[in-house]
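Here the structure comes first, spelled out in structure tokens, and everything after it is commentary.
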Amino acid sequence: MTDATDATSGTALVDLAQLAARLEQFADERDWAQFHSPKNLVMALTGEVGELSEIFQWMPEEASKEAGRDPQTAKAVQDELADVLLYLVRLSSVLGVDLDAAVQQKLKDNAMRYPADKVRGSSKKHSQPDAGESGKD
């Protein structure tokens, strides 16, 4: 992650316009836009995240770090990550959410919420008492 100052350069961090257009075209060619309500897209997105999670379920911690490169799991990981991205981009398009603006704002918010000098080495959430003071959790 970057600090908020990196996100203010005016350069897009996430440019998904072409992908959003391709997904809209794909849906239109099949007359599927009628099914792409936010509710349905969120449910489909959740299903794809579940399929991604299933790959990692019961996998040892060290194996999980190599899942994207391991010949036995790499294709499935890539496919499910792609499905998650496709549904996320389609959802943002249907909702009219500018993902680049949302990402840039979230990076700024997180930099404020989690100052590096106060939270380094801690996995505590910002709302937990003494976040950053107890070391790794």
Side-chain angles (χ1 to χ4, degrees):
M1 286 264 159
T2 61
D3 285 339
T5 54
D6 295 338
T8 60
S9 67
T11 303
L13 294 177
V14 179
D15 186 359
L16 298 169
Q18 287 184 322
L19 178 55
R22 290 275 306 271
L23 290 170
E24 184 174 358
Q25 178 185 3
F26 186 87
D28 288 345
E29 288 171 349
R30 290 154 180 80
D31 193 25
W32 286 355
Q34 63 181 317
F35 307 116
H36 288 185
S37 68
K39 176 195 74 77
N40 288 349
L41 291 168
V42 167
M43 291 173 64
L45 175 61
T46 301
E48 295 302 336
V49 169
E51 290 179 22
L52 179 62
S53 297
E54 187 177 16
I55 297 166
F56 291 89
Q57 187 176 18
W58 315 122
M59 186 181 284
E61 189 74 24
E62 287 305 312
S64 73
K65 295 175 185 177
E66 297 299 320
R69 292 179 290 278
D70 184 325
Q72 293 183 356
T73 55
K75 176 80 168 90
V77 169
Q78 292 166 14
D79 287 349
E80 298 310 330
L81 284 172
D83 285 342
V84 168
L85 178 63
L86 294 175
Y87 276 114
L88 180 64
V89 170
R90 183 68 176 138
L91 176 62
S92 70
S93 179
V94 167
L95 290 172
V97 172
D98 178 342
L99 278 178
D100 183 62
V103 165
Q104 292 210 33
Q105 185 60 54
K106 190 63 174 179
L107 286 171
K108 288 177 191 176
D109 293 349
N110 284 348
M112 298 282 292
R113 193 173 291 138
Y114 302 101
D117 62 329
K118 293 186 178 165
V119 300
R120 184 171 283 108
S122 174
S123 63
K124 285 192 175 184
K125 190 167 170 84
H126 69 89
S127 59
Q128 290 177 306
D130 302 318
E133 292 181 14
S134 64
K136 293 186 180 183
D137 295 329

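Values in this document were obtained by computation on a predicted structure and should not be read as measured data.
- Of all heavy-atom pairs spanning His36 and Ala27, the tightest one is CE1-CB, 3.6 Å.
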Report all side-chain donor-acceptor pairs from residues 49-56 shorter than 3.5 Å, counting only partners two or more places apart or in another chain.
from, atom 1, to, atom 2, distance (Å)
Ser53, OG, Val49, O, 3.0

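- Leu19 and Val89 make their closest contact through CD2-CG2, 3.9 Å (heavy atoms, listed as atom of the first residue, atom of the second, distance).
- With rounding to the nearest 0.5 Å, the separation of CG in Asp109 from CD in Gln104 is 12.0 Å.
- Nearest approach of Leu13 to Leu107, heavy atoms of both residues: CD1-CD1, 3.4 Å.
- When atom types are taken as modelled, the side chain of Ser93 and the backbone of Arg90 share no donor-acceptor pair closer than 3.5 angstrom.
- With rounding to the nearest 0.5 Å, the separation of NZ in Lys106 from CG in Leu99 is 13.5 Å.
- Nearest approach of Lys124 to Tyr114, heavy atoms of both residues: O-CE2, 4.3 Å.
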Table please: side-chain donor-acceptor pairs of residues 72-81 below 3.5 Å, with sequence neighbours left out.
from, atom 1, to, atom 2, distance (Å)
Thr73, OG1, Ala67, O, 2.7
Lys75, NZ, Asp79, OD1, 2.9
Lys75, NZ, Asp79, OD2, 3.0

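- Separating the CG atom in Leu16 from the CG atom in Asp98 is a distance of 9.5 Å, to the nearest 0.5 Å.
- Put simply, the side chain of Val84 reaches to within 4.5 Å of the side chain of Leu45, judged on heavy atoms.
- The hydrophobic cluster containing Phe35 also includes Phe26, Trp32, under a criterion of side-chain heavy atoms closer than 4.5 Å among ILVMFWY residues, counted directly or through chains of members.
- Proximity of a side-chain donor or acceptor of Asp83 to a complementary backbone N or O of Glu48 within less than 3.5 Å is not detected.
- The CG atom of Asp28 lies 11.0 Å from the CD atom of Gln34; values are rounded to the nearest 0.5 Å.
- By the 4.5 Å heavy-atom criterion applied to side chains, Lys39 and Ser37 are counted as neighbours.
- With rounding to the nearest 0.5 Å, the separation of CG in Leu23 from CD in Gln25 is 10.0 Å.
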